[in-house]
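Everything below concerns the one structure shown next.
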Amino acid sequence: MCTALLATGCAVPSAQVPAEHHDAAVKALPSGDASTVRPDVWYEIFVRSWADTNGDGIGDLNGVTAKLDYLQSLGVSGIWLMPINPSPSYHGYDITDYYGINPQYGTMDDFRHLLDAAHKRGIKVMIDLVINHTSDQHPWFKAARDPASPYHDWYSWAGPHTDLSAASAVGGQAWRIAGSAHYLGDFTGAMPDLNYDTPAVRQEILKLGQFWLTQGVDGFRLDAAQHIYYDFKAQDGDPVVLKKNLAWWSQFRRGMQAVRPDVYIVGEVTQDSPDKLAPWFGPLSAVFDFPLASQLIDSARNERAGDLATLLARTDAAYRKASGRSGVDAPFLSNHDQDRVMSQLDGNPQHMRMAAAMLLTLPGQPFVYYGEELGMRGRKPDPDVREPMRWDRVPGVAGEATWKASTSHDGAAVSVESQQADPDSLLRHYTTLIHWRSQVSALRDGAIHPLALDNPHIAAWQLDDASSHVLVVHNLSGQAQDLPLGDTRFRAVLLHSKSGITLQRGHLQMPAYATAILQ
């Protein structure tokens, strides 16, 4: 074990939009009440599944407002709402009106009330911005099917020499048919891609982003951010395509900062290495760290750190080079497009705790998927990982969404009611970890120095910022571990997830599945 280097970190090398919306005055907005609370942990909510206040079985915006106290007690300081715009689908990722609210979720007044209530609690709100494509039911696309319409160029249409068999960047066919014409639809035929080489499209997207900022939102999660220009499988790794994507998002960010200088913009960029994600810093505030998510779950499942230290070092180096600073990552474990974490971990509650502990002791702004803190299970297809939030021991009681029957068959213990009453619950564990981040600034903002240790069951990293210097240690295994620290400045246990953690004569004794923060 590299005890001699612990003191220095032992780092591993490395419809037609109303005119009044278009003409809304755009001016720089103050940050508002929420500016006094730095967003740290974000919480992803599928409104349909969150909480139902009108008894129709579908979650709504008022349901989000009604549960803000829960989110505040959990400790999160920002929420990401999956699409809230009108859409013909249950999920909302094919939008028919970018300036409206899905009537199943409520009204614009309901949304403004949510924003106000959240900001009063120091909770910021970002919304899903789905602008790679529209719905095929959107008035723009309906008009665009006429070649004489000014909207025709808002979408991409096949020409006489187009390869109609070309594979989409996301799999399957790229070209879809409408009458006698073919249009580009990377994801499905119901989601025609907008053409960002058309200046009017860019201008409209800038206007709609600014519109939502003037309503009071604090940022955006960008759906399919890399697919603005990355449309075909053959374009994988093409530097010209990457350059065009980054140029557009740089333009977008400048347009948003003109309205709100501190806007937070995080992109869905599905790439498998830090080096491929790093170029997106600058055009965006952050990108979701898909490689790290996979590694955290693998490390928890296998009870071994594996390549985690190497990956953390590579990630920090790449992101620091691109952004000029540490702590810019947006780590997560899973989201609405993936099997839930507890299912990926085959229902093992200890592995779930360790995955959460690693996530929430890393710098940056981590994201938690709703119900993750309860250990909700779910495997794809997509609707099965987006099931209603469990509030009560008895499912389906008043206030719970019932739009979909559960396929996971989680018991009464997987509910807010049950876990709030249990001091040893997963919910309490998440709450503790999140609140640690408010106590120790280095957990949020620190420069990370991962440790490569001889003991494969220990994951550890040093975090340093201007006001705190800590060593984070996780015992991923079901066996107690002895970690010799040697002569190091870390001489006291500041925070711990379990009793029985001791630091004596340069040896850290860690019980099974435990986390310690040393100072």
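- S89 and D94 form a side-chain donor-acceptor contact under 3.5 Å, judged by distance and modelled atom types alone.
- A heavy-atom distance below 4.5 Å is not found between the side chains of M82 and I45.
- Partner of F367 under the side chain to side chain contact (heavy atoms under 4.5 Å, CB included) criterion, out of V41, L333, V266: V266 alone.
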Exercise. Should D223 and L129 be marked as a side chain to side chain contact (heavy atoms under 4.5 Å, CB included) after you check the CA-CA gap, both sets of side-chain angles, and the distance that decides it?
Worked result: CA-CA 6 Å; D223 181 66; L129 202 62; over 6 Å; no

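- Side-chain atoms of T432 come within 3.5 Å of backbone N or O of R428 as a donor-acceptor pair.
- Closest approach of A318 and D275 over heavy atoms only: CB-OD1, 3.7 Å.
- Checked by atom type, the side-chain pair D60/T53 shows a donor-acceptor distance below 3.5 Å.
- Between the side chain of Q235 and the backbone N or O of F232 there is at least one donor-acceptor pair closer than 3.5 Å.
- Remark: the backbone N or O of D337 is paired with a side-chain donor or acceptor of N335 at under 3.5 angstrom.
- For residues 277-288, there are no salt bridge (charged side-chain N to carboxylate O under 4.0 Å, His left out) pairs, not counting sequence neighbours.
- For residues 62-89, the set of pairs meeting the salt bridge (charged side-chain N to carboxylate O under 4.0 Å, His left out) definition, not counting sequence neighbours, comprises D69-R121.
- Of the residues listed (Y264, Y369, F332), the one engaging W42 in a ring pair (Phe, Tyr, Trp, His ring centres under 6.0 Å) is Y264, and it is the only one.
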Problem set entry | Candidate pair R340 and E372, rule salt bridge (charged side-chain N to carboxylate O under 4.0 Å, His left out), full reasoning | CA-CA 7 Å; R340 283 188 171 272; E372 178 184 303; over 6 Å; no

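- The backbone N or O of I95 sits nowhere less than 3.5 Å from a side-chain atom of S87 that would complete a donor-acceptor pair.
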For this session: Give the intermediate values and the outcome of salt bridge (charged side-chain N to carboxylate O under 4.0 Å, His left out) for residues K404 and D382.
Result: CA-CA 12 Å; K404 182 186 184 300; D382 287 345; over 6 Å; no

May I have the list of side-chain donor-acceptor pairs in residues 277-292 shorter than 3.5 Å, sequence neighbours left out?
residue: S285; atom: OG; partner: I265; partner atom: N; Å: 2.9
residue: S285; atom: OG; partner: I265; partner atom: O; Å: 3.4
residue: D289; atom: OD1; partner: L292; partner atom: N; Å: 3.1

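- Within the structure, salt bridge (charged side-chain N to carboxylate O under 4.0 Å, His left out) contacts touching residues 291-303 (residues at least two apart or in different chains) are D298-R301.
- Between W212 and Y98, the distance separating the two ring centers is not shorter than 6.0 angstrom.
- Annotation: side chain to side chain contact (heavy atoms under 4.5 Å, CB included) contacts of P192 (sequence neighbours excluded): T134, D136, F141, Y155, Y183.
- Checked against the 6.0 Å centroid threshold, H474 and W461 count as a close aromatic pair.
- Distance alone, capped at 3.5 Å, places no donor-acceptor pair between the R253 side chain and the M256 backbone.
- Panel note: side chain T96, backbone H138; no donor-acceptor pair is recorded below 3.5 Å.
- In this structure, the side chain of Q271 does not engage the main chain of K276 through any donor-acceptor pair within 3.5 Å.
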For this session: Any chance you could lay out the side chain to side chain donor-acceptor pair (under 3.5 Å) test for R325 and Y319, step after step, and finish with the verdict?
Result: CA-CA 8 Å; R325 61 192 180 92; Y319 291 4; over 6 Å; no

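- A distance of 6.0 Å or more separates the ring centres of Y370 and W80.
- With rounding to the nearest 0.5 angstrom, the CG atom of D238 is 12.0 Å from the NZ atom of K243.
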For this session: Report the C-alpha separation of H227 and F187 in whole Å, then their side-chain angles, then the decisive distance to 0.1 Å, and conclude whether the ring-ring contact (aromatic ring centres under 6.0 Å, His included) test is met.
Result: CA-CA 10 Å; H227 293 295; F187 290 89; 5.6 Å; yes

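- K380 has no carboxylate O lying under 4.0 Å from a charged side-chain N of D384, or vice versa, which leaves the two without a salt bridge.
- Counting only distance, with no hydrogens or angles, the side chain of R444 and the backbone of R437 share a donor-acceptor pair below 3.5 Å.
- Within the 4.5 Å cutoff, the side chain of D218 has no heavy atoms near those of the V263 side chain.
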Problem set entry | Working for side chain to side chain contact (heavy atoms under 4.5 Å, CB included), residues S408 and M376 | CA-CA 8 Å; S408 64; M376 283 177 60; over 6 Å; no

For this session: Show your reasoning for whether side chain to side chain donor-acceptor pair (under 3.5 Å) applies to Q173 and S168.
Result: CA-CA 5 Å; Q173 66 191 86; S168 163; over 6 Å; no

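- Nearest heavy-atom pair across N102 and N85 is CB-O, 3.6 Å.
- Judged by distance alone, with hydrogens and angles left aside, the side-chain atoms of K124 form no donor-acceptor pair with the main-chain N or O of G219 at under 3.5 Å.
- Side chain to side chain, E387 and T407 meet the donor-acceptor criterion of an N or O pair below 3.5 Å.
- Under the salt bridge (Lys or Arg N to Asp or Glu O under 4.0 Å) criterion, R377 pairs with D410, not counting sequence neighbours.
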For this session: Quick one: do T515 and H496 satisfy side chain to side chain contact (heavy atoms under 4.5 Å, CB included)? Show the steps, please.
Result: CA-CA 6 Å; T515 296; H496 55 85; over 6 Å; no

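- You'll find the ring centres of Y93 and H336 inside the 6.0 Å limit.
- Ring to ring, W50 and Y43 are close: their centroids are under 6.0 angstrom apart.
- Across all non-hydrogen atoms, the minimal contact from Y105 to F46 is OH-CE1, 3.8 Å.
- Side chain of Y229 to main chain of Y196: a donor-acceptor pair is present (N/O by atom type, distance under 3.5 Å, no hydrogens or angles).
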For this session: Might you work through the side chain to side chain contact (heavy atoms under 4.5 Å, CB included) test for Y70 and L427, ending with a clear yes or no?
Result: CA-CA 11 Å; Y70 167 76; L427 172 59; 3.4 Å; yes

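- Considering only heavy atoms from C-beta on, D392 comes within 4.5 Å of E400 through its side chain.
- Nearest heavy-atom pair across G267 and A225 is CA-CB, 4.3 Å.
- Contact between I123 and L71 at its shortest, heavy atoms only, is CD1-CB, 4.3 Å.
- Heavy atoms of other residues, nucleotides or ligands lying less than 6.0 angstrom from CD of Q420 number more than 12.
- Minimum interatomic distance between S77 and D40 (heavy atoms only, all atoms of both residues): OG-N, 2.8 Å.
- Taking a cutoff of 4.0 Å between a charged side-chain nitrogen and a carboxylate oxygen, R379 and D346 qualify as a salt bridge.
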